[in-house]
Amino acid sequence: MTLRLVYDEIRLGVKQVCHVLGYPEIEFDVSEASRPEFGDVSCNIGFLLAKTLKKKPLDVSQSIAEEYKKNLGEYVSEVSAHASGYLNFVANYSLLVPQVIYSSLQANYGSIDLGKNSKMTIEHTSVNPNKALHVGHVRNIIIGDTVARILHKASYDVSVLNYVDDSGLQVADIIVGFKYGGYSDTPPDDQKFDHYCGDIVYVKITERYETDKALTELRSHVLQELEEGTSDLAKFGDEITRRVLEEQLKTCWRLGATYDCLNFESQIVRSKLWQVAFEKMKSMGITELEQEGKNAGCWVIKAESEEDKVLVRSNGTATYIAKDIPYAAWKLGILEDPFYYKHYAVQKTGRVLWQTTLDSKETAMHFTGDRVITVIDSRQSRLQNIITKIMSDFKSKPDSYIHLGYESVTLSPDTAKTLDLDTGGKSVQMSGRKGIYVSADYVLDVLSEQTFDEAKKRNPELDEMSLVKISEQVAIGALRYAMIRQDLDKIITFDLTESLSLEGDTGPYIQYAHARAMRILEKYGKSPNFGASLDAVNTVYEKDMVKIIGKFDLQVEDAAKNLSPKIIAKYCYHLAVSFNAFYEHVKVLTADSEDIMNARLCLVYSFKETLAKALQLLGIDAPERM
RNA sequence: GGGCCUGUAGCUCAGCUUGGAUAGAGUGCUGGACUUCUAAUCCAGUGGUCAAGGGAUCGAAGCCCUUCGGGCCCGCCA
C-alpha cells in the first residue's frame, strides 16, 4: 500500500461524516499537511462549507472531527480541527510503516495504471546530423527520455523515435564543404567525426557563404539532390549523415537515452506521404489556394490571429512544414505506413533500435501511437501549433498530438568568455552555425574527470575500472539532473564552472544518499529480517522517510499526467534529504538493540530500493559507492 | 504591430493548474559538527513591499484587468 490509501480512506470518511451530519455534498481537497506539527494529512472542507452553512470554518471542522473520531478507520490515529479552520489527520504509523516498507520491496513499486497499455509515441533528440550534440540538445534528449521513462512506468506502451533530418540545409552545408570547400572527410587525429563536421566544416563553410556566392548556389543543388536521393552525391550525403548519426548516438547512449526507431526525413520525402497528406488537407478544406495578395498562387493555411502560413509555393514546391505534417500524421497512424523497418543496433539495455527503410523486403512494424508527444524547444511553437491544429482535424480528437515545448539553454557570460565571446554581461543563445556552443561530450568529460579524482580520494582502495564507472555515473547524474530539475518553461543558463559544483540540490547529492545506504547494508552483511516487527521505526526522521517512500506512485501519477519530469526530480531530492537527516541523527549499526537495528535496516533497504527506482525514471544510476 | 513564455531572498529556483495555516529549498555569507554507518553530509544563523497598481473574495504569491521589465517567435529559408 501507499499513502494513496490513506488519502482515499480520509476522503471517503469525511464524505460519510458530512452525510451523517447532513452537510451538503461538495468537492474538497485532501492533501499532505504543509507542516509536520499539523499532522500528516489536511482537509480544507471547513472553509468550503463555512459559507453555505453560515458557520466559521473552525466550527465546521470541529463538528466533522467529533463525528470522525467515532470511527477512525484503519489508517488514521488522530483527527483534529485546527484554529485556522483546517481539519488535520495523523496517520496510524503502526500500520503505515510495515505496509509501506513491504510494498516498496515489490519490483513494480511506484507503477500505476494510468495509460492502460495504450500506445504513446514520443519523439525527441532529432538533431540535424551535421554536428556534435551541445548542451542545448542535451536538454531535449533528457526531457524526452525522462518523460518516456515516466510514461512507461505509468503503463503506457511507449515508442521512442529520433527524427533524422538527413535532407535539410544543414546537411547540405557540410556536403558542400566536403565536395566543394576542400575539407577532407577524414577528421584529423582522433577527433570524433560529429565534432569535426560541426566544429570545423559547418562553421567554416557558413562563414564562406558570406563572401562566396557560388558556394551558396551549389548548396541549392546539393539540397535538391539530397531530396531526390538517386545521384552519387546523394549517396555520399547519406554516407556522411550516417557517420555523424553514429557518433551522435554514442553521446545519446552515454547519456542513458535509448530509442526504438530512427526516422529518416529523406525517406518521408521519397515515400510521397506529403502528396497524400496534401490531398487530405485539400479535401478537408484545411488549406486553400490563395487568389490575391502577397501569397497569390500559394496554398496557404489560414491562421486565426496570426499571419497565414504558406504550404506550397506559387512555383508548386512545398515548404519546410510540408515535411513535418506528413510525419506528424504518420506518427499518429493517420496515413497508411509506407515504411518497412530494418535492424539498426542493439542498445546497452538490450532494446533493439530500428530504422525506417523503403525496401519492401524488410519487416513491417508499428511505432505509431494513439497519442504522440513531440519534444521540441518552444521557439518552434508557432509551427507546432499549426501542426497540432491540423492533427486534431485529421484525427478529430483535440489532444492526440502534443507539442512538449521547453525553453532553450543559453550560455552564461563567463562560459561565453571561454569561447572568446564578450557578451557584455548577458547570457547568449547557442548557435551551431556560429560555433557558439559547449558540446555535450566535453561537459561530460570534464565532469567525469573531476568526479574521478574525487572518487579516488574517497575510495583509494578501489581499482581504476570501478572508479571510472563511478565517475561516469556521477557525471551523467549531475548533467541529467541539472537538465530536469527546473520547469520546462524556464531558461537554463548553462555555466561550466557552476555545473561542476556537485553539492546541495544536485544529482550527485541524491546518488550519495544511495551510496551511503548501500554501505550500511553492505557492512551489516546479511539481509534484514522483514518478518520481524517494525514497531521500532518511530523517530520523526524515520516516519518522515516512510511517508516519502509511500508517496512514490502519487508522484509518478502527477509527473505522467502533467508530462513534468521535474516532479520526479524533486521527489528524488526530498527522498535523499530525508535519508541524510536520518543518517545523521539515527544510528543503524550501533542501535541499542537487535530489534531496533533490524527495523532500521529494513527501512534503509526500503529507502534504497525506492530511490533506485525513482532515479531510474530520471535515467540516473544509483551507485553502490562513490 | 501580433503571438508565446517569464518576473518570488545577493544568485539559481520550488510553490501558482485546484485561493486558506508562520511564503519554502539550494547556493552565497557567518558560526558549529568528522577517534562514530563515507563531511559529495548534517545543524544553526543571515536574507523576501512574491515586478507595480487596481478588481472580485471572509481570505491572494496564486484568480481577473492594466502597466512596466526580461526572453523567444512571426520568410514563397530549412
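So that the names make sense, note that chain A is the first sequence line, chain B the second, and so on, each numbered from 1.
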Asker: Given the C1' atoms of rC58(B) and rG15(B), what is the spacing between them in whole Å?
Answerer: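 Per the computed distance, 24 Å lies between those C1' atoms.
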Asker: Can you identify which nucleotide, out of rA21(B), rU38(B), rC73(B), has its nearest atom closest to the S42(A) side chain?
Answerer: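 It is rA21(B).
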Asker: Take atom P in rG45(B) and the same atom in rU57(B), then report the distance between them in whole Å.
Answerer: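 It works out to 41 Å between them.
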Asker: Can you tell which of rC37(B), rA78(B), rU41(B) lies closest to the side chain of R519(A)?
Answerer: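 Closest of the options to the side chain of R519(A): rC37(B).
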Asker: Strictly below 4.0 Å, N to O, side chains only: are E217(A) and K213(A) in salt-bridge contact?
Answerer: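 So E217(A) does not pair with K213(A) through a salt bridge.
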Asker: Pick base, sugar-phosphate or nothing for E522(A), based on heavy-atom distances below 4.0 Å to the nucleic acid.
Answerer: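 Nothing, no heavy atom under 4.0 Å.
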Asker: Determine the interatomic distance between P on rG28(B) and the same-named atom on rC50(B); round to the nearest Å.
Answerer: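 About 27 Å, rounded to a whole number of Å.
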Asker: Base, sugar-phosphate alone, or nothing: which one does S381(A) contact when heavy atoms must sit under 4.0 Å apart?
Answerer: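 Here S381(A) touches no strand at all.
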Asker: Counting any heavy atom closer than 4.0 Å, what does I491(A) reach on the DNA or RNA strands: base, sugar-phosphate only, or nothing?
Answerer: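 Sugar-phosphate: the residue I491(A), judged by heavy atoms under 4.0 Å, touches backbone atoms but no base.
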Asker: S378(A) or Y573(A): which one's nearest nucleotide on RNA chain B is closer to the 5' end?
Answerer: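 Its nearest nucleotide lies further toward 5', so the answer is Y573(A).
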Asker: Mind checking if A296(A) touches a base, just sugar-phosphate, or nothing, with heavy atoms under 4.0 Å?
Answerer: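 Here A296(A) touches the bases of the nucleic acid.
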Asker: Rounding to a whole Å, what distance do you find between D487(A):CG and rU8(B):C1'?
Answerer: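 Rounded to whole Å, this separation is 14 Å.
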Asker: Can you tell me how far C1' in rG2(B) sits from the matching atom in rC64(B), rounded to whole Å?
Answerer: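 Result for the C1' pair: 23 Å, nearest Å.
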Asker: Taking the side chain of E503(A) as its heavy atoms from C-beta onward, which of rU38(B), rC5(B), rU27(B) lies nearest to it?
Answerer: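 So the nucleotide nearest the side chain must be rU27(B).
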Asker: How is V474(A) classified with respect to the nucleic acid when contacts are heavy atoms under 4.0 Å: base, sugar-phosphate, or nothing?
Answerer: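 Since a base atom lies under 4.0 Å of V474(A), the category is base.
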Asker: Any donor-acceptor pair under 3.5 Å joining the side chain of D173(A) to the base of rA78(B)?
Answerer: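 Answer no: no donor N or O sits under 3.5 Å from an acceptor.
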Asker: Expressed in whole Å, how much space separates the C1' atoms belonging to rC43(B) and rC34(B)?
Answerer: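 Roughly 14 Å separates the two C1' atoms.
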Asker: Using purine N1 to pyrimidine N3 plus N6-O4 or O6-N4 for Watson-Crick, or N1-O2 and O6-N3 for G-U wobble, both under 3.5 Å, which nucleotide pairs with rC76(B)?
Answerer: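 Partner of rC76(B): none found under 3.5 Å.
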Asker: Rounded to whole angstrom units, what separation is found between the CD1 atom of I386(A) and the P atom of rG3(B)?
Answerer: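 Rounded to the whole Å, the gap is 15 Å.
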Asker: Regarding V300(A), tell me which of base, sugar-phosphate or nothing describes its non-hydrogen contacts under 4.0 Å with the strands shown.
Answerer: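 Nothing: the residue V300(A), judged by heavy atoms under 4.0 Å, touches no strand.
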Asker: Please check the phosphate of rA39(B) (OP1 and OP2 only) for any side-chain N or O of R516(A) closer than 4.0 Å.
Answerer: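 R516(A) to rA39(B) OP1/OP2: side-chain N or O found under 4.0 Å.
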Asker: Would you indicate which nucleotide in rC5(B), rC42(B), rU17(B) comes nearest to any side-chain atom of N562(A)?
Answerer: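 Nucleotide nearest to N562(A)'s side chain: rU17(B).
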Asker: Has E292(A) got more than 12 heavy atoms of other residues, nucleotides or ligands less than 6.0 Å from its CD?
Answerer: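 Result for CD/E292(A): open.
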Asker: Taking the six-membered ring for Trp and the single ring otherwise, decide whether the centroids of Y583(A) and Y541(A) are under 6.0 Å apart.
Answerer: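 No.
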Asker: Roughly how many Å apart are rU38(B) and rG32(B), using the P atom of each and rounding to a whole number?
Answerer: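 Approximately 26 Å lies between the P atom of rG32(B) and that of rU38(B).
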Asker: Are K434(A) and E207(A) ion-paired here, with the side-chain N under 4.0 Å from a carboxylate O?
Answerer: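 Judged by the 4.0 Å cut-off on N to carboxylate O distance, K434(A) and E207(A) do not form a salt bridge.
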Asker: For atom P, what is the distance between rG71(B) and rU66(B), given to the nearest Å?
Answerer: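 Going atom to atom, P in each nucleotide, I get 23 Å.
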Asker: Within the structure shown, what part of the strands sits under 4.0 Å from Q486(A) by heavy-atom distance: base, sugar-phosphate, or nothing?
Answerer: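 Q486(A): backbone/sugar contact only, no base atoms under 4.0 Å.
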Asker: Ring-plane angle category for Y573(A) and Y509(A), please: parallel below 30°, perpendicular beyond 60°, tilted otherwise.
Answerer: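 Aromatic pair Y573(A)/Y509(A) classed tilted.
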Asker: The side chain of I520(A) lies closest to which of these nucleotides: rC37(B), rA14(B), rC72(B)?
Answerer: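 For the I520(A) side chain, the nearest candidate turns out to be rC37(B).
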Asker: If only side-chain N and O atoms count, and only distance matters, is there a donor-acceptor pair under 3.5 Å linking N315(A) with T317(A)?
Answerer: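 Short answer, yes.
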Asker: Between rA21(B), rC37(B), rA78(B), which nucleotide has the shortest distance from any of its atoms to the side chain of K523(A)?
Answerer: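 Nearest listed nucleotide: rC37(B).
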Asker: Is it true that Q429(A) and R379(A) share a donor-acceptor pair across their side chains at a distance under 3.5 Å?
Answerer: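 There is such a pair between these side chains.
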Asker: Mind checking if N44(A) touches a base, just sugar-phosphate, or nothing, with heavy atoms under 4.0 Å?
Answerer: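 Nothing: the residue N44(A), judged by heavy atoms under 4.0 Å, touches no strand.
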Asker: Side chain of R379(A) only, heavy atoms from C-beta on: which candidate in rU38(B), rU41(B), rC73(B) is closest?
Answerer: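 Of all the options, the side chain of R379(A) is nearest to rC73(B).
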Asker: In whole Å, what separates the P atom of rA9(B) from that of rA25(B)?
Answerer: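 That atom pair is separated by 15 Å.
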Asker: Could you check whether Y86(A) gets within reach of a base, just the sugar-phosphate, or nothing at all, counting any heavy atom under 4.0 Å?
Answerer: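 Base contact.
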Asker: If each of N88(A) and K426(A) is mapped to the nucleotide of RNA chain B with the nearest heavy atom, which maps nearer the 5' terminus, i.e. the 5' end?
Answerer: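 So the residue in question is N88(A).
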Asker: Can you tell which of rA21(B), rA14(B), rC42(B) lies closest to the side chain of K490(A)?
Answerer: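 Closest nucleotide to the K490(A) side chain: rA14(B).
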Asker: Taking only the side-chain heavy atoms of R382(A) (C-beta and beyond), determine which of rC76(B), rC73(B), rA21(B) contains the nearest atom.
Answerer: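 Closest nucleotide to the R382(A) side chain: rC73(B).
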Asker: Closest to the E307(A) side chain: rC77(B), rC74(B), rA21(B)?
Answerer: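 Closest of the options to the side chain of E307(A): rC74(B).
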